[in-house]
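Let me begin by presenting the structure, written as structure tokens, before commenting on it.
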Amino acid sequence: QVQPVESGGGSVQVGGSLRLSCAASRRTSNSYSIGWFRQAPGKVREFVAAISWRDSSTYYADSVKGRFTISRDNAKNTVSLQMNSLKAEDTAVYYCALARLSYGVTRADQYDYWGQGTQVTVSS
């Protein structure tokens, strides 16, 4: 099974933290770059963060740099997105995706498999 599965979404107040997880099969977790995207109502899906399968290089959208951290646990075949200092504008459905590419994976069209998404709601 290649499709990733997200977990960890929920509701939090402004300034709070959430940790999202993306689970992938053992076959894919070490040979695919994994990225997080989000889509708010009425807006296009946007890149949030990604980690390369080749050397664990990380990529972040400017809007989340310094607040979000992406990391992978190869032993557990998971990638986590730690989100701190959350803002109301971070509210969206967050999607995990897998890409065969090993570098520069910041565009949705570079990804091959997508999860179903998990809702993150940040309220004041």
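Separation of atoms OH (Y95) and CG (L20) is listed at 13.0 Å; rounding is to 0.5 Å. Atoms OG and CD, from S11 and Q119 in turn, are 7.5 Å apart once rounded to the nearest 0.5 Å. For the atom pair CD1 (I34) and CH2 (W53), the distance works out to 12.5 Å, reported to the nearest 0.5 Å.
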Next on the checklist: The test is side chain to side chain contact (heavy atoms under 4.5 Å, CB included); show your working for L98 and D112 and say whether it passes.
Outcome noted: CA-CA 6 Å; L98 307 181; D112 304 287; 5.8 Å; no
Item to check | Intermediate values then yes/no, side chain to side chain contact (heavy atoms under 4.5 Å, CB included), R107 and F37 | outcome: CA-CA 9 Å; R107 302 195 321 267; F37 290 76; 6.0 Å; no
Next on the checklist: Let's go through L81 and R38 carefully: what are the C-alpha distance in whole Å and the side-chain angles of both, what is the deciding distance for side chain to side chain contact (heavy atoms under 4.5 Å, CB included) to 0.1 Å, and is it a yes or a no?
Outcome noted: CA-CA 12 Å; L81 183 69; R38 65 187 182 187; over 6 Å; no
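Remark: side-chain polar atoms of T78 are not paired, donor with acceptor, to backbone N or O of A23 under 3.5 angstrom. The backbone N or O of P4 lies less than 3.5 Å from no partner atom in the side chain of Y113, so there is not a single donor-acceptor pair. Looking only at distances, no side-chain donor or acceptor of Q116 sits under 3.5 Å from a matching main-chain atom of E6. Side-chain atoms of S52 do not come within 3.5 Å of backbone N or O of S33 as any donor-acceptor pair. With Q110 contributing its side chain and G104 its backbone, the two residues share a donor-acceptor pair below 3.5 Å.
F68 places a side-chain heavy atom less than 4.5 Å from the side chain of L86. By the 4.5 Å heavy-atom criterion applied to side chains, M83 and R67 are not counted as neighbours. Counting only heavy atoms from C-beta outward, the side chains of Q3 and W114 never approach each other to under 4.5 Å. When side chains are defined from C-beta on, Y60 counts as touching I70, because their heavy atoms get closer than 4.5 Å. Contact check for S71 versus Q82: no side-chain heavy atoms found under the 4.5 Å cut-off. In this structure the side chain of V14 reaches within 4.5 angstrom of the side chain of S124, judged on heavy atoms. Counting heavy atoms from C-beta on, the side chains of T58 and I51 come closer than 4.5 Å. Within the 4.5 Å cutoff, the side chain of W36 has heavy atoms near those of the C22 side chain.
Contact between S102 and Y59 at its shortest, heavy atoms only, is O-OH, 4.4 Å. V105 and F47 make their closest contact through O-CE1, 3.5 Å (heavy atoms, listed as atom of the first residue, atom of the second, distance). Here the closest non-hydrogen pair linking N84 and S17 is OD1-OG, 2.9 Å.
One finds no salt bridge joining K87 and D90 here, because no Lys/Arg side-chain nitrogen approaches an Asp/Glu carboxylate oxygen to under 4.0 Å.
Surrounding OH of Y103 are at most 12 heavy atoms belonging to other residues, nucleotides or ligands under 6.0 Å away. Within 6.0 Å of CD in Q13 there are 12 or fewer heavy atoms belonging to other residues, nucleotides or ligands.
Note on V93 and V64: separate hydrophobic clusters, where clusters join Ile, Leu, Val, Met, Phe, Trp and Tyr whose side-chain heavy atoms are under 4.5 Å apart, directly or indirectly.
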